[in-house]
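Take a look at the structure set out below.
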Amino acid sequence: MKRSAVWVTAAVVGALALGGCSAGSDSEAPAESGPVTLTWWTWWAGAPGIADAWNAEHPDIQVKVTNVGGGTDQFTKLNAAVRAGEGPDLALAEYQWLPSYISSGVAADISEYVNGIEDQYSPAVWNLVHLGDDGVYGVPLDQAPMLLMYRADLFEQYGLSVPTTWDEFADTARASKQAAPDAVLANFPTSDAGWLAGLTAQAGGDWWSLDDGSWSVDIDGAAPTKVADYWDGLVGEGVVSAGASGTPEFNAQLNSGKILTQVIGSWGATGSSVKTGAPDTIGKWRIAPLPSWTDDDPGVGFQGGSSSLVTTTSKHPKQAAEFLAWLGSTAEGQGVMIEQGGNFPASAPGLDVYASIPQPADKAAAGQEDFHDILLDVAADTTDVTWGPNTTVAFSAYTDQVGKAIQAGRPLADALAAVQQTVRADLEKSGFDVE
């Protein structure tokens, strides 16, 4: 299993200096005695229930939840708040944004407070927050290994078999088009860079890598180009559609059986997106491992998943890390997280709890007897993914360039080349050492 999601300590320090904030200065302040109240910024709907469960058992450390929105909304607000010397004690952070939070001086190194919990995680999950020789900048809470969701009823109706390789997936796409001309096997999500980055990891590549303090950008390298060319071909044949996912139009197609599979992070099966977007299909989906390129694929990548960080402005980093260690690495905390939101847990104790909980009847694959077995097998087959310090730039450029390429009928590889240039130029402009 490749282990590449590691920063060199000097690079982290340099990046933080560029961000105009020194991580750790506030965390060295003496801890206050008596009860403390921690503010946690998170967009999770179940977060208040998580806080309630913790608060009931920990009167000296109380957690107060604030929802400021997710994605770029929180990213912008959190950076501004910390620059002003304010902000919360804790903040939910999707793994792809964490390096940006480090380089901007938002995320504190909490390694001294979470020593010993690493063993509760797989190396691939832990490496998402273990950045630097010794630095730990968050606690993993949930994970999202990629898998295949398929409409079992329509596969049976059209005489299709579940593909186990990408060659078989392409053949199945053509067969499904013949059986159902008004449907497609899958949709290529034009506005989700994390989707292609996750598939790139399975193909043995990384968009970013760091070696001896120097960044490399490989967004248009052999592995991502291989993946892009594959999907480009299927889109060109008309057996796969191309467009933004999660839109009303996409959901309508999903709900009416016009899209037969989803290549997606595990949240597609464990979350509520099908319930809200395609309610007529609840219980009709089944999950399977992601098709593979070869028998020795390095493992599947992630599409999403979240950690929580402690901010550099928090006056209570030890207590904040104590809450996160409970939530992310213990059976009790992970059980509460699962109960409140259905998240697929990141730690081994959490996975044990998840395996013992019956699948809810309102989930996409409700009724699948081997659901937990497959999900746990997929989680055991993950590979390391490296995220760079300018994912916001990369994701924005990807959406722009892929959209233009699709509209103009140009190869997706051209779009990746343009994204490569944008990301590399931004790193250099920001003062990073770039190969």
Side-chain angles (χ1 to χ4, degrees), residues 96 146 148 163 165-177 183-209 216-247 249-250 253 258-264 290-294 297-298 300-301 303 385-388 390-427 434-435:
Q96 61 261 36
M146 297 189 75
L148 178 68
T165 68
W166 287 115
D167 285 341
E168 291 178 0
F169 187 91
D171 291 339
T172 303
R174 299 177 185 109
S176 68
K177 195 65 177 177
V184 292
L185 184 64
N187 177 69
F188 175 87
T190 56
S191 59
D192 192 345
W195 183 85
L196 189 64
L199 292 182
T200 295
Q202 185 199 29
D206 255 327
W207 280 23
W208 290 270
S209 60
S216 295
V217 185
D218 200 34
I219 296 173
D220 64 347
T225 298
K226 172 184 178 179
V227 176
D229 287 347
Y230 173 86
W231 288 94
D232 217 357
L234 296 181
V235 171
E237 290 184 44
V239 296
V240 163
S241 60
S245 57
T247 64
E249 293 78 12
F250 173 85
Q253 289 179 308
K258 304 304 182 185
I259 300 176
L260 307 185
T261 73
Q262 296 184 74
V263 175
I264 198 167
L290 201 65
S292 62
W293 294 107
T294 63
D297 281 351
V300 298
Q303 186 192 7
V385 175
T386 301
W387 296 110
N390 59 345
T391 48
T392 52
V393 172
F395 281 35
S396 176
Y398 178 90
T399 299
D400 178 52
Q401 292 296 333
V402 167
K404 290 179 179 177
I406 293 291
Q407 187 174 20
R410 292 187 288 105
L412 292 174
D414 290 354
L416 295 185
V419 176
Q420 165 85 9
Q421 293 177 359
T422 299
V423 172
R424 180 184 174 86
D426 178 75
L427 285 175
V434 185
E435 287 187 0

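In this text the structure is predicted, and so the values were computed from the model without any measurement.
- With hydrogens and angles disregarded, no donor-acceptor distance shorter than 3.5 Å links the side chain of Gln253 to the backbone of Lys258.
- Side-chain contact between Thr172 and Leu260 is absent, with no heavy atoms from C-beta onward closer than 4.5 Å.
- Looking at heavy atoms from C-beta onward, Ser241 lies in side-chain contact with Asn187 at the 4.5 angstrom threshold.
- A donor-acceptor pair under 3.5 Å is formed between the side chain of Ser176 and the backbone N or O of Ala173.
- Smallest separation of non-hydrogen atoms from Val184 and Gly238: CG1-O, 4.0 Å.
- Shortest non-hydrogen contact noted between Pro189 and Ser245 is CB-OG, 4.0 Å.
- Arg174 is linked by a salt bridge (charged side-chain N to carboxylate O under 4.0 Å, His left out) to Asp171, Glu237, counting only residues two or more places apart in sequence or in another chain.
- We find the OG1-CG distance between Thr225 and Asp414 to be 10.0 Å, quoted to the nearest 0.5 Å.
- In terms of modelled atom types and a separation under 3.5 Å, the side chain of Gln420 and the main chain of Val217 share a donor-acceptor contact.
- Judged by distance alone, with hydrogens and angles left aside, the side-chain atoms of Arg424 form no donor-acceptor pair with the main-chain N or O of Asp218 at under 3.5 Å.
- Residues Leu199 and Tyr230 have side chains not in contact (no heavy-atom distance under 4.5 Å, counting atoms from C-beta outward).
- Distance check, rounded to the nearest 0.5 Å: CG of Asn390 to CG of Leu427 gives 4.0 Å.
- Side-chain N or O atoms of Trp208 include none that pairs as donor or acceptor with a backbone N or O of Thr386 at under 3.5 Å.
- The CD1 atom of Ile406 sits 6.0 Å away from the CZ atom of Phe188 when rounded to the nearest 0.5 Å.
- In this structure, the separation between CD1 on Ile219 and CD on Gln421 is 11.0 Å, given to the nearest 0.5 Å.
- Side chains of Trp166 and Asp297 form no contact here, defined as non-hydrogen atoms less than 4.5 Å apart.
- Side-chain contact of Gln96 with Trp207: a donor-acceptor pair under 3.5 Å is absent, judged by distance alone.
- Looking at Trp195, its side chain does come within 3.5 Å of a backbone N or O of Val263 through a donor-acceptor pair.
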| Criterion side chain to side chain contact (heavy atoms under 4.5 Å, CB included) on Val239 and Leu185, from CA distance to verdict | CA-CA 7 Å; Val239 296; Leu185 184 64; over 6 Å; no
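- No side-chain donor-acceptor contact under 3.5 Å links Gln401 to the backbone of Ala417.
- Val385 and Ala201 make their closest contact through CG2-CB, 3.8 Å (heavy atoms, listed as atom of the first residue, atom of the second, distance).
- Nearest heavy-atom pair, Ala193 versus Phe395, reported as atom, atom and distance to 0.1 Å: CB-CD1, 3.7 Å.
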| task | Go through the steps to decide whether Thr391 and Val423 satisfy the test side chain to side chain contact (heavy atoms under 4.5 Å, CB included), and finish with yes or no. | result | CA-CA 8 Å; Thr391 48; Val423 172; over 6 Å; no
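- A cation-pi geometry, defined here as NZ or CZ lying under 6.0 Å from the six-membered ring centre and within 45° of its normal, holds between Lys226 and Trp293.
- The side chain to side chain donor-acceptor pair (under 3.5 Å) test applied to Asp220 returns no partner, not counting sequence neighbours.
- Heavy-atom minimum distance, Tyr398 versus Thr190: CE2-O, 3.7 Å.
- Remark: Asp400 engages Lys404 in a salt bridge (charged side-chain N to carboxylate O under 4.0 Å, His left out) (not counting sequence neighbours).
- When all heavy atoms of Asp206 and Thr200 are compared, the closest pair comes out as N-CG2, 4.1 Å.
- There is a side-chain donor-acceptor pair under 3.5 Å between Asp192 and Gln303.
- In this structure, the side chain of Ser396 does not engage the main chain of Thr392 through any donor-acceptor pair within 3.5 Å.
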